[in-house]
Amino acid sequence: MPHAVEAQGLERTFKGGVRAVQGVDLAVDDGEIFGFLGPNGAGKSTTVRMLCTLLRPTAGRASVAGLDVVAEAGALRHLIGVALQDAAIDPYMTGRELLRLQATLHGLSRQQGRDRAVELLEQLDLVDAADRRVGTYSGGMRRRLDLALSLVHRPQVLFLDEPTTGLDPLSRVTVWDEVRRLNRELGTTVFLTTQYLEEADQLAARVAIIDDGRIVAEGTPRELKSEIGEPALTIALQDPDHHEAAQAVLERFGRLLPSTARTVAVRLPEGAGALADVIRALDDAGVTVAELDLAEPSLDDVFLAKTGRRMEGEETEPEPTEAAAR
Amino acid sequence: MTVAAPRHASPALALRQTGALAWRSAVTTIRIPQAWFPSLFFPLVLLAIFTGSFGNAPGNIPGFPPVRGFLDFAIAGSVLQGVLIAGTSAGAAFAADIEHGFFDRLVVSPVSRSAILVGRLGASVLQGVFQGMLFLALAVVFGAHVERGFPGVFVLIVFAALLGAAWGSLGVILALRTGSSEAVQGAFPLFFVLLFFSSAFFPRETMTGWYRQIADVNPISYIVEGMRAEVIGHQDLSKTLIGLAIAAGLALLGVSIATLAYWRRLATEGA
């Protein structure tokens, strides 16, 4: 079976020389939820736009559902569902009207469009709001409608560009549940971009991390984390005077990490397995432990290890858009 | 697993999609009063001011054609102005679609590529026709009289449709070039200058010097005079035919350039 999404050496250079995507290789399996993770401006949206036939690659090639994104774009559009970042949803139209229009765009008959709209409104819990103008919808409702619109024609591959950016935690979980359900019940392949590490961790079976137009890491979240790092053990001391003694003990188990007056931290190559020994050794040295925290590395740590920068909490430039690149 | 999907929509489907998109353009215009209100309000205010100020001008100022009143004389210019503003808002709406991503939503769907453009232009033609008919109806209520009767009204509607296509295309071209609704709005006052440097509100015969020279070469003059001939009942049809030919020429030119600009954009973007 061909990959649901495949790309080789995919590149896009905008007018003015902005190289938004610089040689991306991807292979997403059929039926997989694939997370495309990176900070703002990393090239996520540009890649998705190329994969869903909206933007012509300047080099390389890509295929989705076995169809070339350039040569077979027309046929491909029947098979993909796309929910783009900030996609316009007419505030002056109702949810039902938009769904029926979308059905017409996809070549469904009037009757099919009517039925499908009813189905999707129910599925995404928008029945009460169906005949209200979208301008009155909350952010979460809009995102659910956007998702519904992308599902009108039961796509094989679903592209979601930052599906939960700007949503409150509850709405975010609702979208996640729906994505999981689609994937589980219909076998829909989902290609989602996100700048939230937690989202990639929660949803995606496999993750690619993109930075500055290049993929810097790829694998399951677990693989990526274990590849870069060992878990870190942080110990809060009952008595700050024990600081030196505690450090001397922990040094025997791994590389020390920066500590504070009341805490000591160490990389534990063996993870939880070494925990009992560490505690026994501390006890023997007469160190009283107030609190103990064993932290697995996060995808943020992976990003840091691969790029030398932290991903979260960093304000970077927005992705180069068409207008900006002109 | 992969379903064989038709590459091109059938003509019947393309037609239905065009209709659906034109309907959507119309609905979103109608539901935004600030989108259509100016195109009704300003030409009517201007018409009322001119008609009040120059009510006695025909017959007293040499150069006016034989006409029952200034309202009859001016109605053609107002219809033209209304269509022009309608074209502006249609262009701005299209630019907003590009800006906000609705255009992407269309392009990423398998909808007929032609339906996107034709639906947009169709909506602008409809708006022109509606505008023209409404202005005529209002003018008639206030005492205007279309000398050529129903055939004359029909010709005026054809004029409005052609102008709707021409100005709608202009809006589409600007929208495709700039992708910014503000840029489209900003460019249109220039075309008002074109309107005022024409015989839209006063006959060319009353103008002098370079102003007259500009009005003489301004195609708007001939279009508006052709429309006016229907209202005031000019003796021969030459003005109507010249006006129609110019309006049709502009519409054809506009639609051709808009189509080229549209396909060029799709080709470079990859859609």
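Heavy atoms only: backbone and side chains are in, while hydrogens, waters and symmetry mates are out. To find a chain, count down the sequence lines: A is the first, B the second, and so on, and within it residues start at 1.
The 12-atom threshold is not exceeded at CD of B/Glu182, counting heavy atoms of other residues, nucleotides or ligands nearer than 6.0 Å. In A/Arg132, the CZ atom is crowded: over 12 heavy atoms of neighbouring residues, nucleotides or ligands sit closer than 6.0 Å. Other residues, nucleotides and ligands contribute over 12 non-hydrogen atoms within 6.0 Å of the CZ atom of A/Arg181. Within 6.0 Å of CZ on B/Phe130 lie no more than 12 heavy atoms contributed by other residues, nucleotides or ligands.
Separation of atoms CG (B/Asp104) and CG (A/Leu84) is listed at 6.0 Å; rounding is to 0.5 Å. In this structure, the separation between CD on A/Gln102 and OG on B/Ser109 is 6.5 Å, given to the nearest 0.5 Å. Distance check, rounded to the nearest 0.5 Å: CG of B/Leu13 to NE2 of A/His106 gives 11.5 Å. Rounding to the nearest 0.5 angstrom, the gap separating the CE atom in A/Met93 from the CZ atom in B/Phe102 is 7.0 Å.
Closest non-hydrogen pair, B/Val108 versus A/Cys52, comes out as CG2-O, 3.2 Å. Here the closest non-hydrogen pair linking B/Gln17 and A/Gly107 is NE2-N, 3.9 Å.
By the 4.5 Å heavy-atom criterion applied to side chains, B/Arg16 and A/Thr104 are counted as neighbours. Counting heavy atoms from C-beta on, the side chains of A/Glu97 and B/Trp23 come closer than 4.5 Å. Taking the side chain as every heavy atom from C-beta outward, B/Arg105 and A/Leu149 approach each other to under 4.5 Å.
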> Given the rule in the side chain to side chain contact (heavy atoms under 4.5 Å, CB included) test, do B/Val27 and A/Tyr92 qualify, once you have shown the distances and angles that lead to the verdict?
Replying inline: CA-CA 8 Å; B/Val27 162; A/Tyr92 299 97; over 6 Å; no
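Among A/Pro57, A/Ser109, A/Gly81, A/Pro91, the residue with the largest count of heavy-atom pairs under 4.5 Å with chain B is A/Ser109.
In this structure, chain B has a heavy atom under 4.5 Å from the side chain of A/Arg49, while its backbone stays farther away. Both the backbone and the side chain of A/Leu105 come within contact range of chain B, each with at least one heavy atom under 4.5 Å from a heavy atom of that chain.
For B/Arg31 and A/Asp90, the salt-bridge test fails: no basic side-chain N is under 4.0 Å from an acidic carboxylate O.
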